[in-house]
Amino acid sequence: MNKLFYPRLAVQNLRKNKTIYFPYLLASSLTVALYYILRSITVMVADSEMKGGAAMGAILSLSASISAFLSVLILFYINSFVIRRRKKEFGLYSILGMEKRHIALVMLWEVLLTALLSLVCGIGGGALLSQLLFLILLKLVKLPAALTFQIPVSSIGYTALLYTAVFGLVLLYDMIVVRRSQPITLLTEAKAGEREPRSRWLLALIGLAALGGGYGLALSTRQASDIVSFFLLAVLLVIIGTYALFTAGSIGALKLMRKNKSFYYKPQNFIPVSGMIYRMKQNAAGLASICILSTAVLVTMSSTVCLFIGEEDVLRQKNPREITVSCAQTDADERRLLKDIAEEYAASYGFQVKNYLSYQLLSTALYRQDKELNAVYDENGKNGSYCAVEVISADDYSAVTGQQLTVQPDTLLFWDGQGSYAAGDRLKIAGEAFTAAAALDTQPLPESLDNGLLLVVESEETLLQLRQRINDQQEENIGSITCKSYYDIEDGGASREAYYAGMRDAYNEKISRLRFVNNIEDSRRDFYQIYGSLFFVGIFFTILFLAVTALIIYYKQITEGYDDRSRFQIMRSVGMTDREIRSAVSKQVQLVFFLPLGTAALHIAVAFPSLFRLLNLFGMYNLPLFIVCLAATVLLFALFYGLVYQMTARIYFKIVYA
């Protein structure tokens, strides 16, 4: 046999099956390009030695690893559509006398060609775009950039090695599928889905329970600090519930519709319902995948856009003034000394301090048992937990917020991140009793107390007494008072960069327990690098999710079209008009393909409070901005989804009416 027989046959097969292989090549090339770009930009960030580049590099490197994992799942999933359409062809080869080892050689050449084209196109396209995208990344993080073309060899090596392994696994999987199948099975496998699926009520109940559990966790998680652990579990439960309900629940619901004779025995309902019953078993996983990917697109894009647009709000929340100074108070003069140093150091550079703000804050961790807060754990007490507690005087709270407050003796105002206390409660703090006079609407301090307790007491004297009582409860002094000051400086002609560089040394000379000295420009650079990188990576993953969603819809339309063609030819033969068939088919396709979009919207609606609390961990508290970003993302994705549906539906109808 000619040595070029198998390569030629492989090329011929790829050409003949271009409707399924061309999108597959696009998908594999895209995943290769995205992985290569993330890898190469990570190298470029490291080589640039930019200030603060470590955080950017870490985000990009982690994103590249996630991209690699997703690529494996995506290529295997799309390959399952491809191999399903090819089984009949492989069965025909067997009937004509080809042994399975010969079919394996054909498959080997097909995968080799696909892998080679994907790597060349992906790495080539990635190399052309990586520098431009690197410049865009630097623009997003507000850093100057110069155009220097670079193709990191290590990135090419990592990419080639990874996707060679991935395509090798794909080939191995395909060979196992063909080897375990009999020729007659391969020929008739496409018709296997025509048997009516059984109702699987147990699986439907499991799915309903999992979805309900996931929704319950998402809605009941109130503290931002609990979001990471509980929300991830909620996501897992929702994914399990979605797959189970699409697989079993949808079939059960359709069979219930069929039992309703007044509804079912109408042409506009009979065809869609009966068709979906037979199709849903093999379509359920694909539809559930579209739903999960759609939800991932909405979450990823809305969150990263919100963080990127609102990064200045977050920055100002944490840095209310240009300069922030913090020290542990050791004596009563520390607070006055902070202001003196600020004015003296500013004057040495020709600057003038303005908008000066300072306050004292008692910060500690207390064991919370019902209405009691103590520095030590009481083994005989009720179950409780430690929580962060911060205490501020009424005068300092008024200075920070601009809201004049008066607190009576033996009373306090509170902000409770756990929502356990109410106005009128009697609280004991280190043995001293207070009445909770009223609850505060917000926690206005730059410090984050998402799951803690902020208390406003009558005076500075009460604050000092409370610290002493807390420290008297145990040997180590866990209650410490922090002096904080915030201020701006007016231009004096000197270099702000030089002023910032020597500022910490000026404070260190006179303050014994200095904690930190920050300026808003350094904070802004760090914020922009982190949030800009997250936005950049979010765009990458959104593109990936959108592409995979579109491809799954495309392959499902092709699969549906070939499976439905003979059925609708029979309907035409028994007297149904093309108009009736088209109307029924349109209804079926719309129900099937818009069901995931509606379910994804439901997932987002339920997860909305938890998503916002997750953003709280990044310092984002701008609820209206998040609502606008999420609404815009849902609208744009719905338009994209509708466009993909319109394009792929034409292919479906073309196949059905061929």
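FYI, side chains are in, hydrogens and waters are out, and symmetry mates aren't considered; it's all heavy atoms of this structure. These figures come from a predicted structure and were not determined experimentally.
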Is the closest side-chain heavy-atom distance between [X] and [Y] below 4.5 Å?
{"X": "Leu172", "Y": "Phe167", "answer": "no"}
{"X": "Thr31", "Y": "Tyr163", "answer": "yes"}
{"X": "Ser71", "Y": "Ser67", "answer": "yes"}
{"X": "Met620", "Y": "Glu311", "answer": "no"}
{"X": "Ser533", "Y": "Leu137", "answer": "yes"}
{"X": "Leu116", "Y": "Leu112", "answer": "no"}
{"X": "Gln131", "Y": "Leu135", "answer": "yes"}
{"X": "Phe637", "Y": "Leu298", "answer": "yes"}

Test side-chain contact (heavy atoms from CB on, under 4.5 Å) applied to Val297 and Phe640, step by step: CA-CA 11 Å; Val297 169; Phe640 166 83; over 6 Å; no

Worked check of side-chain contact (heavy atoms from CB on, under 4.5 Å) between Leu630 and Ile604: CA-CA 9 Å; Leu630 185 57; Ile604 290 294; 3.7 Å; yes

Please find the pair of heavy atoms, one from [X] and one from [Y], that lie closest to each other, and give the distance.
{"X": "Leu551", "Y": "Ala27", "result": "CD1-CB, 2.9 Å"}
{"X": "Ala160", "Y": "Leu119", "result": "CA-CD2, 4.1 Å"}
{"X": "Ile151", "Y": "Tyr36", "result": "CG2-OH, 3.2 Å"}
{"X": "Cys121", "Y": "Ser29", "result": "CB-OG, 3.7 Å"}
{"X": "Tyr641", "Y": "Ser294", "result": "CE1-OG, 4.2 Å"}
{"X": "Ile240", "Y": "Ala210", "result": "CG2-CB, 4.2 Å"}

Out of curiosity, [X] [atom1] to [Y] [atom2], how far, rounded to the nearest 0.5 Å?
{"X": "Lys16", "Y": "Tyr21", "atom1": "NZ", "atom2": "OH", "result": "10.5 Å"}
{"X": "Met175", "Y": "Leu108", "atom1": "CE", "atom2": "CG", "result": "5.0 Å"}
{"X": "Ser130", "Y": "Phe134", "atom1": "OG", "atom2": "CZ", "result": "10.0 Å"}
{"X": "Leu25", "Y": "Leu30", "atom1": "CG", "atom2": "CG", "result": "12.5 Å"}
{"X": "Leu307", "Y": "Ser302", "atom1": "CG", "atom2": "OG", "result": "9.5 Å"}
{"X": "Tyr35", "Y": "Ser40", "atom1": "OH", "atom2": "OG", "result": "11.0 Å"}

Test item: Ser65 side-chain N/O and Ser61 main-chain N/O as donor-acceptor pair under 3.5 Å: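 Here the side-chain-to-backbone pair exists.
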
Polar side-chain atom of Thr300 near backbone of Ala296 as donor-acceptor pair, under 3.5 Å: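 Flag set: sc Thr300 to bb Ala296 pair under 3.5 Å.
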
Between side-chain atoms of residues 536-546 and protein atoms elsewhere (two or more places apart, or another chain), which donor-acceptor pairs fall under 3.5 Å?
from, atom 1, to, atom 2, distance (Å)
Thr542, OG1, Gly538, O, 2.7

So, [X] and [Y]: side-chain donor and acceptor under 3.5 Å apart, yes or no?
{"X": "Ser118", "Y": "Tyr24", "value": "no"}
{"X": "Ser289", "Y": "Tyr243", "value": "yes"}
{"X": "His603", "Y": "Thr242", "value": "yes"}

Test side-chain contact (heavy atoms from CB on, under 4.5 Å) applied to Val644 and Thr549, step by step: CA-CA 9 Å; Val644 171; Thr549 302; over 6 Å; no

Exceeds 12 heavy-atom contacts within 6.0 angstrom, atom CZ of Phe608: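 Atom CZ in Phe608 is crowded, with more than 12 foreign heavy atoms closer than 6.0 Å.
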
Tyr173, OH atom: more than 12 neighbouring heavy atoms under 6.0 Å: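 Result for OH/Tyr173: open.
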
Passing candidate, side-chain contact (heavy atoms from CB on, under 4.5 Å) with Leu615, options Ser610, Cys629, Ser303: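 Per the side-chain contact (heavy atoms from CB on, under 4.5 Å) rule, the option paired with Leu615 is Ser303, out of Ser610, Cys629, Ser303.
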
